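Hydrogens, waters and symmetry mates are skipped; everything else that's a heavy atom, side chains included, is used. Everything quoted here is computed from the prediction, not taken from an experiment.
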Amino acid sequence: MTDVSPTRLIVVDDDEAYLDLLETALERTDTPLDVTATTDPARVLDAVEAGTVDCVVSDYEMPASSGLELLDAVRECDERLPFVLLTGVGSERVASEAIDADVTSYLSKHAEESIAALAERVAETATDAVRAYYRRRALDDHLAFVESVLGALDDVVYVVDTSGTPLYWSDALRDVTGYADDDLSHLTVYNIVPEGEHETLTAALDTVRGGASVTVRLPLAPRDGDPVPFELSAAPLYGDDGDVVGIAGIGRDLTERERYERGLEGLQRTTSRLLDADDPDAVAAAVTEAAEYVAPDAYGVVYRYDPANATLVPAAATHGVEDEDFTYDVAEDAPVPRAYRSGDPERVPTASIDDDRDRGPVDSVAAFPIGDHGVLVFGFDETDDDDAARAWTLAGILAANATAALDRLDRTAALRDREHVLATLHARSAELARATDPDAVAETIVDAAGGAVNAPGFAVYRWEDAAGRLVPSAVTGDVDPRVVDATADGWLVWEAFVEGETTVAADLADDPSRAPWPGARSAVAAPLGEHGVFVAASPTPDAFDDRDVEFVDLIVTYATSSLERAAREARLRETEDELRERNAELQRLNRLNRVIRDITGALVDAESRGGVTHAVCENLAADDRYALAWIGRREGGETHVEAWAGAGESFLDHVVELGTEHPLAATRARDDTEARASAGVEGRGSAAGTESGSVGGTGSQRGDRVTVVDDVLRDPAFAGLRDEAMRRGFRSAIRLPLRHRDRCHGFLELYARVPGAFGSEERDVLAELAAHIADALGAVERTETLLSGRSLELRFSLAATDDPLFALAERAGRAIDVTSIAPHDGGWLLHAAVAGEPTQLVEAASGRVAVTDAEVVRADEDGSMLAVVVSDSPVLSAFADRDATIRHLRATPTGGTITVAVSPATDVRAFADAIRERLPSADLSRRAPAGDTAANALRHDLSEILTDKQFQALRTAYARGYFEWPRETTGEVVADDLGVAGPTFHQHLRKALGRLLDDALGTPPR
């Protein structure tokens, strides 16, 4: 109930007239009331039972039932519900009876001057009583909640007065002492604390009565049984006057803690023994003797791992345990071997272990791994959760201490063995220092290994880089090692070398191919850097432990250092030879550079293809390093010799006869570095292929690669020409494609008189030379075309293709005629004519990713001119990459045509085939001469007269209507289309017009 809610008041009186007056007066008071008036006491009880009334106001004398009788009935329903008694008698007897009956308030009807005053008094009394009633009920609920919380605690919660008499206690105190609540209410704290501790208890009470808190350890004496150790905390409770009126506190049972502390003390004493133990047996004995500290009723067994038999064998046990009955195979599915394998402790009920082993009166078995050494096992018969948790913790501590002790013993033994190995290696270090030959180092290593590692056989494998294999270099013991490579047996040796890590095989029986030699069942292989592998092997499995592997690593460290030193000395001896060879190579490159300079001069002066090819061959053959230089091409599957120089005319006859079987056309020589591969220089290992049909055609991908044969005598691919080549002293050869702008102009072949003549640097230089030769051949061809004034005009028909222009035509449902094409920001700037209204086409262009811009340049009744920028066009790129001049392109919703001009020397079939490789639907539909007028020649060869920027400026201005009168656009608009400034556009345009006039009219006199 809240203050804003009206008090639900029920008034009962047998005088109806008086009742009406009182009800009316109550409703007129300022106090919020919900008044119900009745003459029937039974109705009052119904309201109380229904919980719809907050206070009862009753007359004292009524015929059917007196007010006190009604009070008794109400109290049976609710002991504290407010009840106000009204009486007209007003005697002391009535007042006494009312008070004895626990009435809330007693009022006289005639005590007030008027009924209104009485109503005010009743309203005030009832409201105050109801508020107090609801506060008390909320407090009772709160106390009940606190009581339930405190009762759930394991600790004892108590309140006593200053003399020690209990006022409140939690259920835990009854559980600990065995006293009932009635007993505890008549006792003091001195009755439940042993007499011998009363002095301590008194001192603690005095401290709290003095206003300070205190914590003491005192046992509590139960009614039956031994005292229970407790830690009691107490704090003072103060009254309204500030005096200490009571003591409140908490008591905690210390039984489990003291038991745990005793266990820890015992384990601490065991730890001292473990630190003094000098062998594993002493450690096992100390551990089992400490079982009583873990759990007095438990048994304990220490199992030690036996690597020879892969078993866990009892090493020590508590009294009465039959050791021999508890041996485990390490792979067995039981708690002990499982804990060893997993490294995690495990506890299982004895009833769930089905292995026919009698474990005596224990409820569960707990297994704790002690590192790699074994397992510590306890059998528990405790069922209490706290005891079990304590025992589990203490057992874990004992297992950890045992592990540390055994690890210490292993480290001590390993240190002794390590010192022995180091002494052995130190004794041989002088011999290793004197050894300058890797084989001598290997012999010393295997001899020293016998004194460090317990194995019957050792071997050192030396890496032969040229052959890609490991070869036995030094061996000791009755072993028969064999050569190891990526395909042979002895994969363990190969794996250690390739991975660069020490590799251990515990049992090779399942895979004998990994064994370093026949009969080996276990082995250790350690890499000797890049020099080889050291191997120790045994005919028995699991012959090598971690200590052996460590010693092998030590030996390998010494050996690798010695081999590195020997290798450095060998490399120093080789340096002078390399420097001499390097100087010779530099001299060869200098001679080659002179030849290239001569060839470059000849290329500048050459006026025909024959002039270029003969100049190249003659200059190359003039260098005595090259026995033959020749340039050829492929047409219709046949080889044609264009020029040659040197001793090779009859040899070339055989080359022509072989055709595609020529080794330099069908294979590649050895792989080169990534840098040369990226430049198009490749060696043996991937297909080389042949060049395309003619000088004017396009080259295949296979013909783009440099092909090298380092030794004609030994290269199997040269079998068909080996005899002819050797007769003429040819020992190495190279073929270089003559490619420029995706067009192959043939190939250049060189033959040298020594093997390996074409080293990496020389190949790079020759590849660059081949590019210059191809450039010169392309320039000569373009010049011949310009001077002839003629070209071939080819028309291709195209089905619908994956190209932005054709997709745009299909989407707009309109034909597009492209009349001007220029490169633009990595894409193309096109000017296209469209019949009719262009809006539909512009809207279609806005939805295409590849179309970056589309703008109407001009429009009239005949049609419109659009400027379109595309980021990519497979159709345009396919022809532009082959130096074809695109004169016209028509794209329709279902396909289109493209008309281009090419050199008259172009192999049209090869050109068409190359186009179809890029555009499968392309079909050559027309081939005709383009005419020989000056205008045609001039239009055809603008790219030879103008720079790219001048050409773009001229074509864009023309397409935009810049030259119309009046002008249809301004220079600023054209410059914006080209992405340049206005002055830059005008500069390119003026220079372009000047060059065109010079070409058409001749250069004016100066």
Participant: When rounded to the nearest 0.5 angstrom, what is the spacing between CZ in Arg625 and CZ in Phe758?
Facilitator: 7.5 Å
Participant: Would Arg882 and Ile915 count as a side chain to side chain contact (heavy atoms under 4.5 Å, CB included) here? Give the steps.
Facilitator: CA-CA 9 Å; Arg882 286 160 178 78; Ile915 291 296; 3.9 Å; yes
Participant: Passes side chain to side chain contact (heavy atoms under 4.5 Å, CB included), Leu830 versus Val870? Steps please.
Facilitator: CA-CA 8 Å; Leu830 314 175; Val870 295; 4.3 Å; yes
Participant: I'd like to know if Asp913 pairs up with Arg909 as an ion pair, taking the criterion as any Lys NZ or Arg NE/NH1/NH2 lying under 4.0 Å from an Asp or Glu carboxylate oxygen.
Facilitator: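 A salt bridge is absent here (no side-chain N lies under 4.0 Å from a carboxylate O).
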Participant: Find out whether Asp923 and Phe796 are in side-chain contact, i.e. whether some heavy atom of one side chain is under 4.5 Å from a heavy atom of the other.
Facilitator: no
Participant: Is there a side-chain contact between Val875 and Leu889, using heavy atoms and a 4.5 Å cut-off?
Facilitator: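 Yes, at least one pair of side-chain atoms sits under 4.5 Å.
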Participant: Does Ala615 offer a backbone N or O that forms a donor-acceptor pair with the side chain of Asn619 under 3.5 Å?
Facilitator: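 The answer is yes, because a donor-acceptor pair under 3.5 Å joins these two groups.
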Participant: Can you give me the closest heavy-atom contact between Gly646 and Ala621, atom names plus distance?
Facilitator: N-CB, 3.9 Å
Participant: Could you tell me whether Glu793 and Arg927 make a salt bridge, using a distance below 4.0 angstrom between a side-chain N and a carboxylate O?
Facilitator: no
Participant: Closest approach of Ala770 and Leu738, non-hydrogen atoms and distance?
Facilitator: O-CD2, 3.7 Å
Participant: Is the shortest heavy-atom distance from the side chain of Arg735 to the side chain of Leu748 under 4.5 Å?
Facilitator: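 They are not in contact (no side-chain heavy atoms under 4.5 Å apart), so the answer is no.
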Participant: Do Trp644 and Ile631 come within less than 4.5 Å of each other through their side chains, counting heavy atoms only?
Facilitator: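 They are not in side-chain contact.
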Participant: What do the steps show when you test Val868 against Asp853 for side chain to side chain contact (heavy atoms under 4.5 Å, CB included), and what is the final call?
Facilitator: CA-CA 6 Å; Val868 181; Asp853 191 19; over 6 Å; no
Participant: Please report the closest heavy-atom contact between Ala975 and Phe985, naming both atoms and the distance.
Facilitator: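 Looks like CB-CB, 3.7 Å.
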Participant: Just verifying a value: how many Å separate Thr801 OG1 and Arg918 CZ, rounded to the nearest 0.5 Å?
Facilitator: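 Reported value, rounded in 0.5 Å steps: 11.5 Å.
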Participant: Decide side chain to side chain contact (heavy atoms under 4.5 Å, CB included) for His745 and Arg739; before the verdict, give the C-alpha distance in whole Å, the side-chain angles of both, and the deciding distance to 0.1 Å.
Facilitator: CA-CA 6 Å; His745 297 271; Arg739 175 163 296 282; over 6 Å; no
Participant: Measure from the side-chain N and O atoms of Arg728 to the backbone N and O of Glu724, and report whether any donor-acceptor pair falls under 3.5 Å.
Facilitator: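 Yes: the side chain of Arg728 pairs with the backbone of Glu724.
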Participant: Who passes side-chain contact (heavy atoms from CB on, under 4.5 Å) against Ala643, sequence neighbours left out?
Facilitator: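 Result, side-chain contact (heavy atoms from CB on, under 4.5 Å) vs Ala643: Thr613, His614, Cys617.
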Participant: Is a donor on one side and an acceptor on the other found under 3.5 Å between the side chain of Thr899 and the backbone of Arg887?
Facilitator: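 Looks like no, no N/O pair under 3.5 Å.
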Participant: Is Thr956 close to His831 at the side-chain level, that is, under 4.5 Å between some pair of heavy atoms?
Facilitator: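 The answer is yes; the side chains approach within 4.5 Å.
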Participant: Does some side-chain heavy atom of Leu620 sit less than 4.5 Å from a side-chain heavy atom of Leu769?
Facilitator: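 Yes - at least one pair of side-chain heavy atoms lies under 4.5 Å apart.
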Participant: What distance separates Thr885 OG1 from Phe879 CZ, expressed to the nearest 0.5 Å?
Facilitator: 12.0 Å
Participant: Would you mind reporting whether Arg731 and Met726 have side-chain heavy atoms less than 4.5 Å apart?
Facilitator: yes
Participant: Looking at Arg926, I want to see if its CZ is surrounded by more than 12 non-hydrogen atoms of other residues, nucleotides or ligands under 6.0 Å.
Facilitator: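 For Arg926, atom CZ is crowded (more than 12 foreign heavy atoms under 6.0 Å).
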Participant: Would you mind telling me which of Thr639, Leu736, Val706 makes a side-chain contact (heavy atoms from CB on, under 4.5 Å) with Phe747?
Facilitator: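 Running side-chain contact (heavy atoms from CB on, under 4.5 Å) over Thr639, Leu736, Val706 with Phe747 returns exactly one hit, Thr639.
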Participant: May I ask you to check whether Phe730 and Phe651 place their ring centres under 6.0 Å from each other?
Facilitator: yes
Participant: Could you report the tightest heavy-atom contact between Trp630 and His640, atom names first, then the distance?
Facilitator: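 Minimum heavy-atom contact is CZ3-O, 4.5 Å.
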Participant: Any side-chain heavy atom of Leu721 sitting closer than 4.5 Å to one from His654?
Facilitator: yes
Participant: Check for a donor-acceptor pair, side chain of Arg722 on one end and backbone N or O of Leu713 on the other, with a separation under 3.5 Å.
Facilitator: yes
